[in-house]
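What follows is a short report on a single structure.
Order of the sequence lines sets the chain letters (A, B, ...), proteins ahead of strands, with each chain counted from 1.
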2 protein chains.
Amino acid sequence: MSEAALAAPMSSSALPATPSFLPLYQQIKALLMRSLQAGEWRAGEVIPSEVELAARFKVSQGTVRKAIDELATENLLVRRQGKGTFVATHAEEKIQYRFLRLTPDDATSAGMQRRLLDCRRMRAPADVLRALEMKSGEAVVELRRLLLAEGRPVVLDDIWLHGALFKGLSAEKLAGYRGPMYSLFETEFGVRMIRAEEKIRSVAAGADEAALLAVPVGTPLLSVERLSFTYGDKPVELRRGLYNTAHHHYRNVLS
Amino acid sequence: MSEAALAAPMSSSALPATPSFLPLYQQIKALLMRSLQAGEWRAGEVIPSEVELAARFKVSQGTVRKAIDELATENLLVRRQGKGTFVATHAEEKIQYRFLRLTPDDATSAGMQRRLLDCRRMRAPADVLRALEMKSGEAVVELRRLLLAEGRPVVLDDIWLHGALFKGLSAEKLAGYRGPMYSLFETEFGVRMIRAEEKIRSVAAGADEAALLAVPVGTPLLSVERLSFTYGDKPVELRRGLYNTAHHHYRNVLS
DNA sequence: AAGTGGTCTAGACCACCTG
DNA sequence: AGGTGGTCTAGACCACTTA
């Protein structure tokens with residue numbers, strides 16, 4: 001297909017009209033992303049091999065490879081030599097709590113326990129509505145939960161989920177699930193969090209929060225507001241966390 | 001050089017004995033990194049073209065390209081189509097304050113003013129010594145400064161610099177310099193910060209800090225401890241910042 | 001042995017920048 | 001026009017995994 005493709009990349013047959021005039025590998029990347037979004041392959045599954053994809057898209061293996069490279073560095077895919085390329089998942093034992101940057105000061109590290117405090121369906125408050133880009137009147141699922149380290153509460157999370165995408169989410173379902181919440185979201189609702197933005201500030205504990213975190217009122221807490229996105233940069237979760245940083249810290253790497 | 005290289009990559013002539021048995025492009029990458037560290041090309045300068053490097057190292061352009069790709073994604077190099085590949089610098093107008101993640105809540109954004117409060121040379125305190133991997137008794141330069149947004153103090157930084165690397169750093173030199181501190185470090189001392197780790201917690205303002213930041217004692221502040229590294233993962237700067245997050249927040253992106 | 005991703009090459013052409 | 005990085009191809013071989 002060389003000459004045709006070079007003259008007018010992605011021109012006539014074989015491929016749907018993506019924006020075009022993008023580099024070939026970008027178009028392949030977009031097509032792969034679309035397949036991921038459409039659920040053609042599920043979280044944790046293998047995707048077709050590079051040569052197979054090259055044949056499907058009628059391009060060389062190197063071009064497919066470059067597309068997959070980018071998706072891998074964006075953590076949408078995971079390469080495993082000799083085995084294949086897999087759809088990234090939050091369920092991986094090793095990479096659990098991918099989005100939680102809180103670390104114990106002395107790296108005893110023993111994982112955290114969860115305690116669900118509240119779970120209800122409701123009309124979205126105005127600010128949540130705006131953050132999740134929802135239409136006025138639409139429903140959200142509201143959660144409140146604690147994370148505990150060695151029995152002591154460290155994180156208080158208030159969570160709002162796009163209602164339409166999380167139909168049937170209940171306290172029972174959450175309680176009966178081992179492993180990270182984002183993993184449940186993948187398997188039960190087919191919603192995969194691929195990116196998030198956090199805004200962090202320092203605040204004083206109010207009465208409620210102080211009681212739940214077992215600290216005096218006015219204790220300085222880390223306020224972490226997280227907006228999480230699925231495919232297509234669609235925001236689907238807003239989370240307001242209060243972290244007790246007496247024996248933990250939020251770690252970050254700059255480069 | 002094809003057959004020889006394939007049989008025993010980086011074998012005899014032309015190339016110093018790097019670890020070897022690493023992929024060729026990783027060896028090239030290491031060599032480029034060494035040249036950067038040695039100061040063969042300075043911050044902001046062009047490095048030789050891909051074809052030239054390919055000739056020097058006796059490998060194909062594609063291999064050099066892959067090495068440069070990695071260095072570019074690690075922000076050590078910057079590619080500019082048609083012009084060449086450049087050594088990354090903190091002086092770039094656009095990418096100024098690369099390591100400062102503080103953002104105004106309403107994106108008025110006007111850059112921040114600096115005010116140097118203190119600058120002295122001293123024996124390193126124990127914790128600073130340990131963080132900078134220095135020998136007991138070695139000297140550090142200690143700085144204290146404020147960052148102000150629209151005239152109001154927002155950040156109070158205490159900074160310790162590896163003394164041996166920053167000989168001759170003085171209050172005058174700092175005061176008379178426009179542009180980010182890290183840029184001065186590059187041009188005056190040849191020390192380039194390429195990576196940093198931050199530990200963030202929430203603390204209450206003490207008496208001194210409250211006065212300097214013009215907030216009541218006990219105000220919740222963001223404590224940001226940053227350890228910055230040059231080439232070879234050598235730590236050269238420790239920084240303890242206190243951020244007033246009343247009208248600013250620390251932003252972070254997770255992926 | 002066969003299949004997968006990973007490395008390396010050589011050569012073509014494109015897009016951008018500078019003299 | 002000539003140089004630079006950017007894209008794409010085709011084919012060879014390596015390293016790892018599974019059966």
Assess A:Arg80 against A:Phe86: is NZ or CZ under 6.0 Å from the centre of the six-membered ring, and within 45 degrees of the ring's axis?
->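 Checked: cation-pi criterion met.
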Mark yes or no: B:Arg98 above the aromatic ring of B:Tyr182, with NZ or CZ under 6.0 Å from the six-membered ring centre and no more than 45 degrees from the axis.
-> no
Figure out the [atom1]/[atom2] separation between [X] and [N], and round it to whole Å.
X: B:Gln61; N: D:dT9; atom1: CD; atom2: C1'; answer: 15 Å
X: B:Tyr25; N: C:dT9; atom1: OH; atom2: P; answer: 13 Å
X: A:Phe57; N: D:dT9; atom1: CZ; atom2: P; answer: 13 Å
X: B:Arg79; N: C:dA15; atom1: CZ; atom2: C1'; answer: 14 Å
X: A:Glu52; N: C:dG3; atom1: CD; atom2: P; answer: 12 Å
X: A:Leu53; N: C:dG3; atom1: CG; atom2: P; answer: 16 Å
X: A:Lys66; N: D:dG5; atom1: NZ; atom2: P; answer: 14 Å
X: A:Glu50; N: D:dC14; atom1: CD; atom2: C1'; answer: 14 Å

Judged by atom type as modelled, is there a donor-acceptor pair below 3.5 Å linking the side chain of B:Asn75 to the main-chain atoms of A:Ser255?
->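 Such a contact is found between B:Asn75 side chain and A:Ser255 backbone.
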Answer yes or no: is there a donor N or O on one side and an acceptor on the other, between the side chain of B:Gln27 and the main chain of B:Leu22, under 3.5 Å?
->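 Checking the backbone N and O of B:Leu22 against the side chain of B:Gln27, a donor-acceptor pair under 3.5 Å is found.
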Most 5' of B:Asp69 and A:Val64 on DNA chain D, judged by nearest nucleotide |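 In this pair, the answer is B:Asp69.
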May I ask you to evaluate whether [X] reaches the phosphate of [N], defined as a side-chain N or O under 4.0 Å from OP1 or OP2?
X: B:Ser49; N: D:dT4; answer: yes
X: A:Thr63; N: D:dT9; answer: yes
X: B:Arg80; N: D:dG5; answer: no

Return the nearest nucleotide to the side chain of B:Ser60; candidates are D:dT9, C:dC8, D:dC8.
-> C:dC8
Assign A:Arg65 to base, sugar-phosphate, or nothing according to its heavy-atom contacts below 4.0 angstrom with the strands shown.
->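 Contact class for A:Arg65: base.
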When you compare the protein's N or O atoms with those of nucleotides 16-19 of chain D, which come within less than 3.5 Å of each other, and at what distance?
| unit_1 | atom_1 | unit_2 | atom_2 | d |
| --- | --- | --- | --- | --- |
| D:dC16 | O4' | A:Gln81 | OE1 | 3.4 |

Could you walk me through whether A:Tyr25 and A:Asp69 pass the side-chain hydrogen bond (donor to acceptor under 3.5 Å, both in side chains) test, one step at a time?
-> CA-CA 10 Å; A:Tyr25 77 92; A:Asp69 275 343; over 6 Å; no
Could you point out which residue of B:Arg226, B:Arg240, B:Arg145 forms a side chain to side chain donor-acceptor pair (under 3.5 Å) with B:Asp157?
-> B:Arg145
Do the ring planes of A:Phe185 and A:Phe166 sit parallel (below 30°), tilted (30 to 60°) or perpendicular (above 60°)?
-> perpendicular
